[in-house]
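First comes the structure, then the notes that go with it.
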Amino acid sequence: MPEKIVGPKEGQQPMLLSVKPSLPKESMSKTAISHFFYKMAGPNYFKLMSQSECLADKLFIELNKELEEHPCAEWLLWSNQGVHLSTTQEIKLCHILIHLPNKVQCVVYTVPGRSEYFFFRKSMFAPSSDLKLAPLPSAHWLAWELQQLCQARSTCKYLCSQNNTFTNMPLTPALKIDSSHGSILPVIQRTVPLSAQQHSVQNIGFRSSFPLVSILLSVHNMVSTIGWSIRSVLAQCYPHFELLIGDDGSTDQTAEKVSAMDHDHRIRIHRYATNRGKAFVLNDLLREATGTYVLELDADDWLPPGALHSLIILMEQNPCAALGTGTSLVWRKNRNGHISLRGQSSFEGTLETDTHAYPPVPRIYRTEHLRAVRGWTEYDGLYGRVFEDIEVCRKLLTKYEFAITEEIVYHRVVHTRSVSQQNLHQYQAWKQNRFLYEKGGEST
């Protein structure tokens, strides 16, 4: 008989239940046990990541194909570290998992000194499955997404390798795969499907009288990243925001991706038939903004769940500041689409030198002051599509103060194909163009 799972009462520790490995009626051979698991580990892990271009939805499809080609496999074993389990451990786990009720779709197996191993029932990847995947920054995080979905449905269990005990609650401590764990998992955890009551508990403590923040997001052909940016906004613990998205003439599936996430009344989408440039889109969205503050968000970046709360406190405590900023974590995206944490940065007060510019990231503006300087300057040609962040900050800092918090309030992704990175060498020419423009000449 499968073990009975008993949830903990309020204020109690989760109940642990011993599981004695028992053989099925007919003992399974080692060969049969080796085919019982399909292993997403080692070279196979990196092969499938490459085939899917590190996109979670593509990887999910690839895994479905692989499982169809391995009909004897009942469970998918996922190891992010690529560390295989020993044959003894696999035999023990096979005899445990085979007796679990069909309702259990995920088992998280913890081994001291290692990251978690995830076991997913094969049926989760079937075309008939009703799973709806939310956007992720990389397919690397698909296992955590699936585990959180199972946790929300009460179909996930946790198993400790030391004493073979199950619990309904996550086991700690667990080795984090790297320092990025705490930057991405909180967004996933706050945006899995929840009941209306659970959402109200998450956002408790904020009155409707708190100031509204208008988040402006200009996007052009960013189908692979826009979903995660939007998801990070929906994960905010500060609920008083409006998200204004300007699709600047995208020619890929960006519009479809944005529309698929337009299920929250706080999201408003504006579409432009032709590509007009970021400054134009931001100014158009600024005219529609109704918030006391405006936060600028790039379509390949994201916010930690506490970002809006921290930035609002910063601006409320500094009423003379027109611009607020804080610490950002800097990520590097490689050609395969995988992102890795590279460090952190913060604004040190110097916006420009003769050869370089250092715009504050992130940027939250007091709306009235941003409108007073007429928003973002729209130069003609190429110079109207680059360094718009430098120009708007220069106009504001010439007239007003800025405020800064040491808290991490932004995640910035740097990659060689971004517009800003491709045009860094244009800065001095752009600066000369600005000088001519201010002297009454024409923008070239």
(message) Strictly below 4.0 Å, N to O, side chains only: are Lys278 and Asp298 in salt-bridge contact?
(response)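 A salt bridge links Lys278 with Asp298.
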(message) Check Glu256 with Arg271, please: is the shortest side-chain N to carboxylate O separation under 4.0 Å?
(response)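 Salt bridge flag = no for Glu256 with Arg271.
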Does either side chain, that of [X] or that of [Y], offer a donor lying less than 3.5 Å from an acceptor on the other one?
X: Ser224; Y: Lys257; value: no
X: Ser340; Y: Arg332; value: no
X: Ser310; Y: Thr405; value: no
X: Tyr293; Y: Glu368; value: no
X: Tyr272; Y: His220; value: no
X: Arg412; Y: Tyr410; value: no
X: Glu116; Y: Tyr158; value: no
X: Ser259; Y: Asp262; value: no

Taking the side chain as every heavy atom from C-beta outward, state whether [X] and [Y] have any atom pair closer than 4.5 Å.
X: His411; Y: Leu341; value: no
X: Thr325; Y: Pro362; value: yes
X: Phe241; Y: Val233; value: yes
X: Leu303; Y: Val409; value: no

(message) I'd like to check the side chain to side chain donor-acceptor pair (under 3.5 Å) partners of Asn318; sequence neighbours left out, ordered by chain and number.
(response)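 With neighbours one apart ignored, the set is empty.
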(message) Measuring from atom CD of Glu407 to atom OG of Ser346, what distance do you get when rounded to the nearest 0.5 angstrom?
(response)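 Going from the CD atom of Glu407 to the OG atom of Ser346 covers 13.0 Å.
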(request) Hey, could you give me the CH2/SG distance between Trp376 and Cys393, rounded to the nearest 0.5 Å? (result)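 Reported value, rounded in 0.5 Å steps: 9.5 Å.
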Without placing hydrogens or testing angles, list every side-chain donor-acceptor pair under 3.5 Å for residues 54-77, not counting sequence neighbours.
| unit_1 | atom_1 | unit_2 | atom_2 | d |
| --- | --- | --- | --- | --- |
| Lys58 | NZ | Glu53 | OE1 | 2.7 |
| Glu66 | OE1 | Tyr38 | OH | 3.0 |
| His70 | ND1 | Glu66 | O | 2.7 |

(message) Let's go through Leu396 and Phe402 carefully: what are the C-alpha distance in whole Å and the side-chain angles of both, what is the deciding distance for side-chain contact (heavy atoms from CB on, under 4.5 Å) to 0.1 Å, and is it a yes or a no?
(response) CA-CA 9 Å; Leu396 286 168; Phe402 76 94; over 6 Å; no
(message) Angle between ring planes, Trp331 versus Trp302, binned at 30° and 60°: parallel, tilted or perpendicular?
(response)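 Tilted, since the angle between the ring planes falls between 30° and 60°.
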(message) Tell me whether Ser250 contacts the main-chain N or O of Asp247 through its side chain, where contact means a donor paired with an acceptor under 3.5 Å.
(response)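 No, because the side chain of Ser250 does not come within donor-acceptor range (under 3.5 Å) of the backbone of Asp247.
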(message) Can a donor-acceptor pair be found, under 3.5 Å and without considering hydrogens, that links the side chain of Thr327 to the backbone of Glu406?
(response)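 Pair found, side chain donor or acceptor close to backbone of Glu406.
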(message) Quick one, Tyr117 with Gln89, criterion side-chain hydrogen bond (donor to acceptor under 3.5 Å, both in side chains). Give me CA distance, side-chain angles, the key distance, then yes/no.
(response) CA-CA 12 Å; Tyr117 291 89; Gln89 287 175 311; 6.0 Å; no
(request) Kindly write out the residues that satisfy side-chain contact (heavy atoms from CB on, under 4.5 Å) with Thr290, not counting sequence neighbours, or none if the list is empty. (result)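 Checked Thr290 against side-chain contact (heavy atoms from CB on, under 4.5 Å); matches are Leu212, Glu242.
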(request) Mark yes when over 12 heavy atoms from residues, nucleotides or ligands other than Lys103 sit less than 6.0 Å from its NZ; otherwise mark no. (result)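 Result for NZ/Lys103: open.
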